[in-house]
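Since we're looking at a predicted model, the values are computed, not measured. Here, residue 1 is the first one in the sequence, and each next residue gets the next number.
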Amino acid sequence: MLVPSLQNIPYDLLLSIAQHLDLADIYALQLTCKHLRYAIRTRPVYRELAASLLRRCRALPLCGFNHISDLSTDQLIEVVNHAARLERGWLTRTPRPALNAFLPKGEEPVDGIATRGIKSKYWYKVARTPPDEEVDWLSPITGGYTICATKSGKVVCWDVHRDIDIAEWNHGERWELWKCRVEIERRTIYFTMAKALRGKDDEKVMQFELIQIHFPEQTSNSDEQLNPYFSTLRSFKTLGVFLNVFTLEPEARLLAGLMWISRFNSIGLYVLLDWNKEEYVFVDTAIQWTHSSKWACILCDGSIVIHLEEATFACQHFFPLSVLSQHVTVSNPSPSFVPRITTRLEPTRSISRGFIFPVLPPESYILPFRQPIVQDSLIAGSGNQIHPIIVPQVEDPTLPAHVNNPPNPWSDRLWYPESVDIVRQWWPTLPSIPRLRSSVVLFSQHHQHTHVTMDYVLAQHYFSVPLSTSNAEMDASDAMMRMWCVSVPFEVVCVSDPVTEDDLTAEVPPRQRPLFAADFGHAVWLEHVRTADNEEEEEPYKRRQKRLRFVSFPGVRLEGEGHAVWSGIGGGGGPFEMEGTVRTLAIPEELDLHEVNDINLDQSKGVVILSVRQGKMFILCYE
């Protein structure tokens, strides 16, 4: 009689058990004996672990334009292990330099954990930026390339490993990059470039160029290096104050834009239903515009959804493509042609949901408000602990209507949304994994005497399209629409954007652009170090100490369409469980933070990229 044991358990039963284990348990199981190691170290097990990571909104660090299905079993195991290390490292501690990220072939890897004073230079790479150009925006692409938009209007693709310019878009004028969309599966990145032509307000005419850069797939039997190439997909003009543009679905050739119609104080919707056709849709949506609203366009189930966020709630307005197609107007490539609004078209349906605001640490209610006052209010925090709340002095202080729903601590009377990043899950995934979106808002407040922006706070939340209708106020496990935050004010380093001719005419001062970047669930920025000596200075000394700062917001796990819960990794616990832990990142000795003029973040590979004025970029890799 065969004695039951793990040695002879049926594989399908073992696989079923393994699907309920996390990576640490799988690793421990592999250490028990060779039989279990060989049985567990298989593609089905690690594909399920990969799916679990993707359900927790963690990208897999794939090389190049690979798909998950392209990976061998050993490659899949390596990718899953790397992603899990990044997830735990970024959520539970300060990310450390990845010592062997850029290890040259033939070199021995460095052992141990990175500490201060580390001498290894293989955790970062220095590459050039386009010569004699000032970088306006840059982003890493698949780890092997970076895309740079320059202030002279060029877009340049840079090969990081060869340190050369391999493709360039240059129309010889001061174009601005307005939007970038990465499509890994199509090996293509889409850009929308813009420039103002003439007029102002409702008569302002802008020119747009929709372009793409395609990365050809290398053939296995050829040593020839196939470089990427740019091509123009569509040129079009718009009329009015343009707010933003969105490449909604490249495969369907669908593009949308939002603009402010000042005479009605409403939002206009401009749509190219097929950018290969000389036609457009331009309608007044009747949605009222406010200066503090955050806007985005999203495609969902055959409808263009206008997603807007106000101070205390989010709202989504639906415009089915079938309805929009009834208002198509033929366009004209003539230089004198401009599109005109054809009708007033209200959304077919609208849904909204309020945010769940955090209980903040007491110091966050004191600074930087002008006249803090203490109320006798008590709010229940985590575990029903009671915490006194200091309410800022505003025109009409709002006391909590419910002990589990504190008021908005970032009133639009005091805080301005300086930077808004509505981030989609852009990375390759599996068909069964729902999509989630994240909104990261950098709020600013101006100095009361100099009017220079001095104080910043950060708020982030997750949402779905359509907005989920569950009541997070009653369901403590629901992570949707909960505002995680960095509430203790800090000072972001800013750089001046170039002044346009319109700004000179209107005597508008140069815009100060925060050196801040966000990716899904993470943010990184350059920060002035505040000390007792410089906190009260009217104009702080420009060369005072700076540091590279980083925060990961608590990870979430998707449990179906429109429902997410805390993943259990990082965050949570304590009275201020929705407060992010800000950490200081190590930097190379040769990097001078005073010279940084742009910053970006790729959470899938643990990379922070900074460009400096000397025509270089630093690619820093953490784990």
Exercise. Given ring-ring contact (aromatic ring centres under 6.0 Å, His included), test Phe490 with His528 step by step and report yes or no.
Key: CA-CA 8 Å; Phe490 53 93; His528 286 293; over 10 Å; no
Quiz item: Between Ile141 and Thr146, does a side chain to side chain contact (heavy atoms under 4.5 Å, CB included) hold up when you go through it step by step?
Solution: CA-CA 5 Å; Ile141 304 294; Thr146 58; over 6 Å; no
Practice problem: Could you give me the CA-CA distance, side-chain angles and deciding distance for Leu254 and Val271, then say whether side chain to side chain contact (heavy atoms under 4.5 Å, CB included) is met? | Solution: CA-CA 8 Å; Leu254 180 64; Val271 182; 3.9 Å; yes
Quiz prompt | salt bridge (Lys or Arg N to Asp or Glu O under 4.0 Å) between Asp478 and Arg353, worked out | solution = CA-CA 13 Å; Asp478 190 353; Arg353 180 172 169 181; 3.3 Å; yes
Exercise. Tell me, with the steps shown, if Glu310 and Ser293 meet side chain to side chain donor-acceptor pair (under 3.5 Å).
Key: CA-CA 5 Å; Glu310 298 287 359; Ser293 298; 2.7 Å; yes
Quiz item: Passes side chain to side chain donor-acceptor pair (under 3.5 Å), Gln460 versus Ser439? Steps please.
Solution: CA-CA 6 Å; Gln460 184 259 6; Ser439 180; over 6 Å; no
Practice problem: Check the pair Asp598, Arg513 against side chain to side chain contact (heavy atoms under 4.5 Å, CB included), reporting the backbone distance first and the verdict last. | Solution: CA-CA 9 Å; Asp598 199 54; Arg513 173 168 53 88; 2.9 Å; yes
Quiz prompt | Trace of the side chain to side chain contact (heavy atoms under 4.5 Å, CB included) decision for Asn244 with Trp295 | solution = CA-CA 8 Å; Asn244 214 334; Trp295 303 88; over 6 Å; no
Quiz item: Where do Trp178 and Phe208 land on the ring-ring contact (aromatic ring centres under 6.0 Å, His included) test, with the steps shown first?
Solution: CA-CA 9 Å; Trp178 272 48; Phe208 287 86; 5.8 Å; yes
Quiz item: Which is it for Phe550 and Trp525 under the ring-ring contact (aromatic ring centres under 6.0 Å, His included) test, yes or no, and what are the steps along the way?
Solution: CA-CA 7 Å; Phe550 171 86; Trp525 63 92; 8.4 Å; no
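Under a 3.5 Å cut-off, the side chain of Asp421 and the backbone N or O of Val423 do not form any donor-acceptor pair. Lys546 places no side-chain N or O within donor-acceptor distance of the main-chain N or O of Asp592, the cut-off being under 3.5 Å. The backbone N or O of Pro97 sits nowhere less than 3.5 Å from a side-chain atom of Tyr124 that would complete a donor-acceptor pair. Not one N or O on the side chain of Gln445 forms a donor-acceptor pair closer than 3.5 Å with the backbone of Val457. A distance-only check finds a donor-acceptor pair linking the side chain of Asn265 to the backbone of Trp289 [under 3.5 Å]. With hydrogens and angles ignored, the 3.5 Å screen pairs no side-chain donor or acceptor of Asp455 with any backbone N or O of Pro489. Side-chain atoms of Arg435 come within 3.5 Å of backbone atoms of Gln425 as a donor-acceptor pair (strictly under, hydrogens ignored). Between the Ser552 side chain and the Trp90 main chain, a donor and an acceptor come within less than 3.5 Å of each other. Side-chain N or O atoms of Thr285 include one that pairs as donor or acceptor with a backbone N or O of Ile267 at under 3.5 Å. Side-chain N or O atoms of Arg437 include none that pairs as donor or acceptor with a backbone N or O of Tyr462 at under 3.5 Å.
For the pair Phe318 and Ser350, the minimum side-chain heavy-atom distance is 4.5 Å or more. Leu62 places a side-chain heavy atom less than 4.5 Å from the side chain of Pro428. The side-chain heavy atoms of Val596 and Met617, taken from C-beta on, include no pair separated by under 4.5 Å. A heavy-atom distance below 4.5 Å is found between the side chains of Leu54 and Leu430. Residues Phe516 and Val440 form a side-chain contact, since some pair of their non-hydrogen atoms from C-beta on lies under 4.5 Å apart. For the pair Trp410/Phe357, a side-chain contact is recorded, criterion being any heavy-atom separation below 4.5 Å from C-beta on. Residues Asp284 and Phe264 have side chains in contact (heavy-atom distance under 4.5 Å, counting atoms from C-beta outward). Val551 is not listed as a side-chain neighbour of His522, based on a closest heavy-atom distance of 4.5 Å or more.
Contact check on Arg530 versus Glu491 returns a salt bridge, with a Lys/Arg side-chain nitrogen under 4.0 Å from an Asp/Glu carboxylate oxygen. Using a 4.0 Å cut-off between charged nitrogen and carboxylate oxygen, Glu87 and Arg55 do not count as a salt-bridge pair. The residues Asp301 and Arg349 are annotated as not salt-bridged, no charged nitrogen and carboxylate oxygen being separated by less than 4.0 angstrom.
Within the model, atoms CG of Leu86 and CG of Leu91 stand 10.0 Å from one another, a figure rounded to the nearest 0.5 Å. In this structure, CD1 in Ile609 is found 7.5 Å from OG in Ser139, a value given to the nearest 0.5 Å. With values rounded to the nearest 0.5 angstrom, Phe313 atom CZ is found 6.5 Å from Ser352 atom OG. Separation of atoms CG (Leu269) and NE2 (His317) is listed at 11.5 Å; rounding is to 0.5 Å. Interatomic distance, Ser444 OG to Leu458 CG, rounded to the nearest 0.5 Å: 12.0 Å. Of the inter-residue distances, the one linking Leu610 atom CG with Leu515 atom CG reads 8.5 Å to the nearest 0.5 angstrom.
The minimum heavy-atom distance between Ser496 and Lys151, with the atom names listed, is O-NZ, 3.6 Å. Closest heavy-atom contact between Ala564 and Val556: CB-CB, 4.3 Å. When all heavy atoms of Leu60 and Ala50 are compared, the closest pair comes out as CD1-CB, 4.0 Å. Considering all non-hydrogen atoms of both residues, Cys300 and Val305 come closest at CB-CG2, 3.9 Å. Heavy-atom minimum distance, Phe618 versus Pro588: CD2-CG, 4.4 Å. Nearest heavy-atom pair across Trp415 and Pro409 is NE1-O, 4.1 Å.
Residues Trp260 and Phe242 place their aromatic rings such that the two centres sit no closer than 6.0 Å. In this structure, His461 has its ring center closer than 6.0 angstrom to the ring center of Phe355. Taking the six-membered ring for Trp and the full ring otherwise, the centers of Trp426 and Phe520 sit at least 6.0 Å from each other.
Atom CD of Glu346 has 12 or fewer heavy atoms from other residues, nucleotides or ligands within 6.0 Å.
For the residue pair Asn597/Ser611, the side-chain donor-acceptor check at 3.5 Å is satisfied.
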